[in-house]
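Single-structure report; data block below.
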Protein chains: 2
Amino acid sequence: MARVTIEDVALAAGLSVATVDRVLNGRAAVRPQTAQKVEKAIRQLNYQPDRLAARLAKGQEYRFCFVLPEGNNDFMIGLGEEVRAMASHLVSERVQIDLRLTDVFDAAALAATLDSIGDIYDGVAVVALDHPRVREAINGLVERGVSVVTLVSDVPSSKRVHYAGIDNSSAGRTAATLMGRFLGGKTGKVGLIAGSLSLRDHIERRFGFEQVLAQEFPQLAILPVLESRDDWQRVEKVTAEMLSAHTDLIGIYNVGAGARGIVAALENTGRQKQVTYIAHELTDHTRRALVDGTIDAIINQNAGHEVRSAVRVLMAKADRTPLIEAMEHIRIDIFVRDNLP
Amino acid sequence: MARVTIEDVALAAGLSVATVDRVLNGRAAVRPQTAQKVEKAIRQLNYQPDRLAARLAKGQEYRFCFVLPEGNNDFMIGLGEEVRAMASHLVSERVQIDLRLTDVFDAAALAATLDSIGDIYDGVAVVALDHPRVREAINGLVERGVSVVTLVSDVPSSKRVHYAGIDNSSAGRTAATLMGRFLGGKTGKVGLIAGSLSLRDHIERRFGFEQVLAQEFPQLAILPVLESRDDWQRVEKVTAEMLSAHTDLIGIYNVGAGARGIVAALENTGRQKQVTYIAHELTDHTRRALVDGTIDAIINQNAGHEVRSAVRVLMAKADRTPLIEAMEHIRIDIFVRDNLP
DNA sequence: TAAGCCTTGATAGACGCCTATCAGGAATTG
DNA sequence: CAATTCCTGATAGGCGTCTATCAAGGCTTA
């Protein structure tokens with residue numbers, strides 16, 4: 001049951017190790033019929049190159065850069081931690097990961113960061129803003145031979161090789177379905193709070209949410225969207241205003257961050273139980289509120305999965321190995337009080 | 001930025017490579033103070049042994065065996081496929097995985113299988129039945145130095161090193177919460193169908209479900225549990241009987257497999273929309289029924305994650321590397337129509 | 001037929017670590 | 001102080017692959 005080595009293949013094909021290697025790595029010209037002999041032997045013996053030995057010999061090093069938003073958004077902080085964890089874990093596998101923080105809301109700054117991270121990287125993962133300047137910056141990297149993966153927030157029109165994140169329109173639809181079903185057949189108003197209406201993920205969530213609500217739960221009226229810039233104090237303010245303006249408010253869907261602001265506003269008015277509240281991203285705050293019953297469901301994307309998926313994709317691109325698309329699909333988690341991890 | 005090698009450590013510690021190696025691998029007696037010098041150098045240089053090189057040098061091979069239930073349970077078939085996929089993927093990493101099928105409902109057969117798979121394996125993963133004979137068989141393996149991981153269904157009282165599966169009591173609670181909330185404030189009867197009341201996972205799900213329903217949704221009455229042995233034709237029969245006996249049935253929770261039987265029974269009576277139906281495990285059948293609206297939510301455990309987690313754990317045990325417990329936690333997925341993967 | 005090119009073989013050395021052995025010096029024992 | 005035992009150093013060879021180089025034929029071309 002010993003391993004099949006390149007030597008066995010050479011022997012079986014009646015050729016030399018050097019020639020087999022030439023075929024395997026396309027190093028030099030080999031006559032087609034010779035190459036066929038090699039391939040036949042490989043198939044017969046079911047030879048699979050030892051990746052450990054190969055990487056050792058090649059002394060391959062991967063250098064990746066993760067560009068994340070700065071600021072105190074809980075989810076993004078968690079994402080950064082996952083990147084760091086992955087980085088230290090992968091030292092022993094010859095992968096180096098750098099982390100850069102930048103202002104996501106500022107397209108120019110983000111684009112500048114992307115432009116500046118020169119050719120020292122084999123791949124870049126970025127939480128992107130969908131803006132022409134950013135798109136151009138991504139395309140620039142790709143043209144220079146750097147694989148780019150968008151993380152959490154996509155730029156579909158760019159030449160990025162992959163998007164590691166959830167389908168936000170589906171996430172919005174999911175929120176709507178839960179909202180509608182949790183409210184039974186009740187009639188009333190539903191409020192929608194977004195971080196920014198220029199962030200692609202927020203737009204898509206809103207779109208999915210409104211679509212399903214209008215179609216399947218016409219008894220629920222959606223209030224005009226409020227913008228919060230993902231700042232929890234602002235969130236609290238607008239929520240409080242909304243609560244006092246609409247006494248028949250029975251649902252809140254928070255598309256972005258700043259969940260604690262809503263929690264605070266609800267607690268201040270004592271209307272936690274009357275209002276069905278659906279939030280995004282599992283953090284310490286949202287978790288506590290879910291257990292308390294203030295939040296009714298959390299739609300989550302697993303930051304760890306996203307980071308690991310991004311790394312896998314970047315590694316696969318770096319050494320041109322095919323990747324199993326299905327494995328890289330990021331799921332939309334739903335958490336209620338009872339299935340919290 | 002070159003890699004730190006064992007040689008660098010030796011140099012920094014003012015010792016020889018041989019001695020550093022002795023410390024690292026506990027090969028021979030080394031004076032404590034010498035060992036400390038080595039450890040200090042390792043810390044200073046942040047040395048991390050190259051796992052690739054180490055495994056190459058050791059020529060380490062892992063041999064694992066996965067013991068799964070035979071039969072035509074969709075979920076288990078999927079699990080088997082995941083094992084095979086993982087096996088072929090890991091050939092290039094010197095991991096060999098064998099797959100054995102056995103009758104899970106038969107404790108003696110399962111125990112016999114476990115007893116028979118001798119000492120050729122470094123680790124065993126098993127979908128276990130919680131029964132004294134099985135427990136003894138597991139303990140026997142562990143005593144012979146074979147790491148055992150339980151998969152999907154646990155045997156907590158055994159000496160298994162790990163359980164790769166979901167918390168089934170939480171899964172049942174989750175189902176109850178969804179059931180209660182989806183039913184709004186409606187009053188009526190809820191039916192519960194289990195595969196077998198001797199399977200630990202089914203018992204726990206039932207327990208969690210009944211607990212939450214009794215506590216939080218007292219307006220819902222639970223009918224006596226029906227047993228189906230996970231056979232969908234039997235499921236259809238008992239469901240049909242239940243439906244005709246209880247015209248005020250408004251909810252069904254299927255704890256085990258055989259979801260298509262319930263779908264068929266509901267469709268035959270045309271009561272799909274009146275009954276809120278919560279099922280386990282995402283398969284082709286349940287997926288279709290969820291999209292159709294016959295199933296209202298699916299509680300799922302990700303077979304791929306479970307298999308990969310089991311392998312990671314077995315590998316970690318085999319070479320005594322510590323494992324990050326948090327990473328091995330298997331989540332309880334909730335799927336509604338909109339967040340299907 | 002000589003000159004050149006194309007294809008293949010043979011082989012050495014590297015990657016970083018493991019294993020084993022031998023020798024010499026240090027520390028311990030009587 | 002001699003005789004052990006203990007600890008450390010030095011070094012060779014191996015794991016499977018990659019890279020590079022040189023030599024030896026076979027073949028084409030003029």
Side-chain angles (χ1 to χ4, degrees), chain A residues 1-39 41-42 45-62 90-96 318-321, chain B residues 1-39 41-42 45-62 90-96 318-321:
Chain A
M1 257 309 186
R3 269 197 82 74
V4 181
T5 73
I6 201 174
E7 217 158 343
D8 301 322
V9 176
L11 216 64
L15 294 164
S16 73
V17 183
T19 303
V20 175
D21 178 69
R22 285 183 185 112
V23 174
L24 282 173
N25 296 296
R27 195 181 320 294
V30 172
R31 254 190 311 167
Q33 35 185 319
T34 312
Q36 278 170 18
K37 271 196 227 167
V38 173
E39 275 152 25
I42 287 177
L45 299 177
N46 186 29
Y47 167 70
Q48 302 208 229
D50 187 318
R51 299 214 336 252
L52 305 179
R55 283 179 54 188
L56 178 59
K58 283 201 267 217
Q60 229 171 23
E61 305 243 339
Y62 303 95
L90 287 180
V91 173
S92 61
E93 309 231 1
R94 301 154 165 267
V95 180
Q96 195 196 321
D319 44 43
R320 293 173 226 297
T321 39
Chain B
M1 253 311 184
R3 268 197 81 76
V4 181
T5 73
I6 202 173
E7 217 158 340
D8 300 322
V9 176
L11 214 64
L15 294 164
S16 73
V17 182
T19 303
V20 175
D21 178 70
R22 285 181 185 113
V23 173
L24 283 173
N25 297 296
R27 194 182 320 294
V30 172
R31 254 189 311 166
Q33 35 184 320
T34 312
Q36 278 169 17
K37 270 196 228 167
V38 174
E39 276 152 22
I42 287 177
L45 299 178
N46 186 30
Y47 167 71
Q48 302 208 228
D50 186 319
R51 298 209 340 250
L52 304 178
R55 282 176 56 188
L56 178 59
K58 283 203 266 217
Q60 228 172 25
E61 306 242 341
Y62 304 95
L90 287 180
V91 172
S92 61
E93 308 232 2
R94 300 155 166 265
V95 180
Q96 194 196 321
D319 44 43
R320 294 172 226 295
T321 38

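This structure is a prediction, so every number in the text was calculated from the model and none was measured. Numbers restart at 1 for each chain; the letters A, B, ... are given by sequence-line order, proteins then strands.
- In terms of heavy-atom proximity, A:Val9 sits nearest to A:Val38 at CG1-O, 4.3 Å.
- Read 5' to 3', the first and last nucleotides of DNA chain D with an atom closer than 4.0 Å to a heavy atom of chain B are D:dC7 to D:dG16.
- Atom pair B:Asn25:CG and C:dA20:C1' shows a separation of 13 Å (rounding to whole Å applied).
- In this structure, B:Leu24 and B:Tyr47 approach most closely via the heavy-atom pair CD1-CE2, 3.9 Å.
- In this structure, B:Arg55 has no side-chain hydrogen bond (donor to acceptor under 3.5 Å, both in side chains) partners at least two apart in sequence or on a different chain.
- A heavy atom lying under 4.0 Å from DNA chain C marks the following residues of residues 48-58 of chain B, by number: B:Pro49, B:Asp50, B:Ala53, B:Ala54, B:Ala57, B:Lys58.
- Partners of B:Leu11 according to the side chain to side chain contact (heavy atoms under 4.5 Å, CB included) rule, which considers only residues two or more places apart in sequence or in another chain, do not exist here.
- In terms of heavy-atom proximity, A:Leu45 sits nearest to A:Val4 at O-CG2, 3.7 Å.
- The distance from atom CZ of A:Arg51 to atom CG of B:Leu90, rounded to the nearest 0.5 Å, is 8.5 Å.
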**Criterion side chain to side chain contact (heavy atoms under 4.5 Å, CB included) on B:Ile42 and B:Val23, from CA distance to verdict** = CA-CA 11 Å; B:Ile42 287 177; B:Val23 173; 5.8 Å; no
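- The end-to-end axis angle of the helix from C:dT1-D:dA30 to C:dA27-D:dT4, rounded to 10 degrees and based on five pairs per end, is 30°.
- In terms of the salt bridge (charged side-chain N to carboxylate O under 4.0 Å, His left out) criterion, residue partners of B:Arg94 (sequence neighbours excluded) are, by chain and number, A:Asp50.
- Atom CZ of B:Arg94 is separated from atom C1' of C:dC18 by 13 Å (rounded to the nearest Å).
- Residues passing the side chain to side chain contact (heavy atoms under 4.5 Å, CB included) test with B:Ala54, sequence neighbours excluded: none.
- By the side chain to side chain contact (heavy atoms under 4.5 Å, CB included) test, B:Ala10 is found to be paired with B:Val17, B:Val20, residues two or more places apart in sequence or in another chain being considered.
- Listed by chain and residue number, A:Glu7, A:Asp8 satisfy the side chain to side chain contact (heavy atoms under 4.5 Å, CB included) test with A:Thr5 (two or more places apart in sequence, or in another chain).
- For B:Tyr47, a side-chain nitrogen or oxygen approaches OP1 or OP2 of C:dC17 to under 4.0 Å.
- With sequence neighbours left out, the salt bridge (charged side-chain N to carboxylate O under 4.0 Å, His left out) criterion links B:Arg31 to no other residue.
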N/O-N/O pairs, protein side and nucleotides 6-9 of chain C side, under 3.5 Å:
from, atom 1, to, atom 2, distance (Å)
C:dT8, OP1, A:Thr34, OG1, 2.1
C:dT8, OP2, A:Arg31, N, 3.0
C:dG9, OP2, A:Ser16, N, 2.9
C:dG9, OP2, A:Ser16, OG, 2.9
C:dG9, OP2, A:Thr19, OG1, 2.4
C:dG9, N7, A:Arg22, NH1, 3.4
C:dG9, O6, A:Arg22, NH2, 2.9

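- A search for side-chain hydrogen bond (donor to acceptor under 3.5 Å, both in side chains) contacts involving B:Tyr62 returns B:Gln60, B:Asp319, not counting sequence neighbours.
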